[in-house]
Amino acid sequence: MTSHATAGSAGGSSPVEPVEDARADAPLARLVDADWLLPTGAAGLLGFTAKFESAVSALQEALTRAHPTGTPGPSFLAPVVPLSHIERAEYAEAFPHLLASVHALPPGTGGSGGSRVLGADVRVPTDAVLAPAACYSLYPALADRTLDAPRHFDVAGSCYRHEETSEVGRFRSFRMREFVAVGTEDTALAWREDWMERCRAFFADLGLAVRVEAASDPFFGPGARFMRSSQLQQSLKYEFVAQVSDSDAGTAIASVNLHKDHLGLRFAIGAPGGGPAHSSCAAFGLERIVLALVHQHGDTPADWPGTAAIRTGLDTVHS
Ligand code: ATP
Ligand code: ZN
Ligand code: MG
C-alpha cells in the first residue's frame with residue numbers, strides 16, 4: 001500500500017478551514033510579491049501566475065523528454081475519481097485523513113437560503129472523491145483481467161489532499177505527473193530502478209540540490225506504525241528531497257514507489273504469464289519542483305541553469 005493506492009473517508013461534517021494571511025507567512029509573501037503565487041486566503045489553496053505556469057509547462061516538456069522509450073506527453077486524468085475505485089484500492093483505510101469527497105446540494109435546494117443553502121447539514125455526498133494521486137484512475141481501467149503484456153503509462157492530474165499543515169510547498173490542491181508500470185514483478189522492479197537513476201540525472205541537469213531518502217507514507221490508524229516500518233524495511237518508497245524555501249528542512253519533490261502486488265490484487269489485474277500484477281510509479285510534484293527551482297536559482301527563469309532538460313522550454317518564459 002502506498003499513498004498512490006486510494007482516496008479517503010471524508011466523513012459527514014464539513015471542517016472549518018483555517019484562513020491564511022499571506023502577509024503573516026514570510027516565504028509565501030515573498031513568492032506572492034515575486035509574481036509566482038496567487039493566495040486565496042485559505043491555507044494550502046493557491047493560484048499560479050502566468051510566470052509560474054510557463055515554468056510548469058517547461059518542466060512538463062522536460063519530463064516528456066526524460067521518458068525512457070518516448071512519450072507524446074501525459075494523458076490528463078480527471079481531478080475527481082469514483083468513490084468505488086478508491087474503496088477498491090483501500091485508500092480510505094490507510095489514509096482517511098487525506099481524503100476529501102465531493103458533496104452536492106439535493107434536488108430542489110436553492111432560492112434565498114444564503115450560506116444556509118451550503119451548510120453542512122444540507123450538502124449530500126456524491127459518488128466522487130478528489131483524486132489523491134494521479135495514478136488512481138489507471139488500475140480500475142485494467143481491472144478483472146490478465147494483461148498479455150506489461151503496460152506503461154504517462155499521466156498527469158490535479159490532486160487534493162487534506163493536509164494538516166500549509167507551509168510553502170504543502171498544498172491541498174496540487175498537480176502530479178506520474179510514469180507508471182504494471183506487469184510482472186520484474187517489470188515493476190526494472191521501472192523503479194530505471195526511474196531512480198533517471199530522477200537523479202534529471203534533477204542534476206536542472207542544477208537542483210537533492211538528497212535521496214528511503215521514505216514511508218503517512219499511514220493512519222492502529223496498523224500505521226507496522227505499515228511504515230515494513231514499507232521502509234522493504235525499501236518500497238524513495239523520495240527526492242530538496243529545499244523549497246528558506247525555512248524548509250527539505251521537501252519531497254518526487255517519489256519513486258514500488259507497490260508490489262498490492263494494486264494488482266485489489267483490482268484483480270493478472271500479470272502476463274500468471275500471478276497478480278505488480279506495479280511501480282515515479283511521481284513528480286510539479287509545483288514543488290518549480291518552487292525548488294525558484295528557491296535555489298532565483299526569480300528569473302532565464303538565468304536558471306540546466307542544459308538539455310529544461311533550458312529549451314524556459315527560453316520562452318518571461319522573467
Ligand atoms: P510528503 O511526504 O511531502 O507528504 P508524499 O509522500 O505524501 O509527500 P507522494 O504520495 O509520494 O507524496 O506524492 C508524489 C509527489 O507529489 C511528492 O513527491 C510531492 O512532490 C508531490 N506532493 C505530495 N503531496 C503534496 C502536497 N500536499 N503539495 C504539493 N505537492 C505534493
Ligand atoms: Zn502513483
Ligand atoms: Mg504526504
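One-based numbering, in listed order, for ligands and for the atoms of each. Predicted model, so just to flag it, every value in this text is computed and none were measured.
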Please round to the nearest 0.5 Å and tell me the distance separating atom CD of E287 and atom CD of E53. 7.5 Å
Parallel under 30°, tilted from 30 to 60°, perpendicular over 60°: which one fits the rings of H97 and F95? tilted
Say whether A133 and ligand 1 are in contact under the criterion: heavy-atom distance to a ligand atom below 4.0 Å. no
Is the closest N or O pair between G285 and ligand 1 shorter than 3.5 Å? yes
Under 4.0 Å to a heavy atom of M176 - the qualifying atoms of ligand 1, by number: 13 (O), 14 (C), 16 (O)
Donor-acceptor pair, side chain of W304 and main chain of G298, under 3.5 angstrom: yes
Closer than 3.5 angstrom, by distance alone: can the side chain of T40 be matched with the main-chain N or O of A42 as a donor-acceptor pair? yes
Could you list the atoms of ligand 1 found under 4.0 angstrom from a heavy atom of R161? 5 (P), 7 (O), 9 (P), 10 (O), 12 (O), 13 (O), 23 (C), 24 (N)
R192 side-chain N/O to V256 backbone N/O, donor-acceptor pair under 3.5 Å: no
Please report the C-alpha distance between H152 and F179 in whole Å, then the side-chain angles of each, then the deciding distance to 0.1 Å, and finally whether the side chain to side chain contact (heavy atoms under 4.5 Å, CB included) criterion is met. CA-CA 7 Å; H152 296 89; F179 301 102; over 6 Å; no
Ligand 1 to E163, heavy atom cutoff 4.0 Å, flagged ligand atoms 24 (N), 26 (C), 27 (N)
Under 4.0 Å from ligand 1, counting heavy atoms only, is it the side chain of R172, its backbone, both or neither? neither
Has E287 got any heavy atom lying under 4.0 angstrom from an atom of ligand 1? no
Residue that, paired with K260, satisfies side-chain hydrogen bond (donor to acceptor under 3.5 Å, both in side chains) out of Q234, H278, E185: Q234
State plainly whether the residues R288 and D248 are in salt-bridge range, i.e. N to O under 4.0 Å. no
Considering only heavy atoms of I253, which atoms of ligand 1 have at least one such atom less than 4.0 Å away? 18 (O), 20 (O)
Please name the atom of E178, restricted to N, O or S, that is closest to the Zn ion (ligand 2). OE1
Out of E239, R170, R288, whose heavy atom sits nearest atom 25 (C) of ligand 1? R288
Output yes when a side-chain donor or acceptor of T49 lies under 3.5 Å from a complementary backbone atom of D35, and no otherwise. yes
When you measure from the Zn ion (ligand 2) to the N, O or S atoms of H259, does any of those distances fall below 2.8 Å? no
Closer than 4.0 Å to some heavy atom of A254 - which atoms of ligand 1 meet that? 18 (O), 20 (O)
As a check for students: among Y160, F171, F95, F240, identify the option with a heavy atom nearest to atom 28 (N) of ligand 1. F171
Could you list the atoms of ligand 1 found under 4.0 angstrom from a heavy atom of A283? 14 (C)
A side-chain contact here means heavy atoms from C-beta on lying under 4.5 Å apart; do Q231 and D217 qualify? yes
Under 4.0 Å from a heavy atom of A252: give me the atoms of ligand 1 that qualify, with their elements. 17 (C), 18 (O), 19 (C), 20 (O)
N257 N/O under 3.5 Å from ligand 1 N/O: no
When you group the ILVMFWY residues by side-chain heavy-atom contacts below 4.5 Å and let the links chain together, are Y139 and L265 in the same group? no
Which atoms of ligand 1 sit under 4.0 Å from any heavy atom of K237? 6 (O), 9 (P), 10 (O), 11 (O)
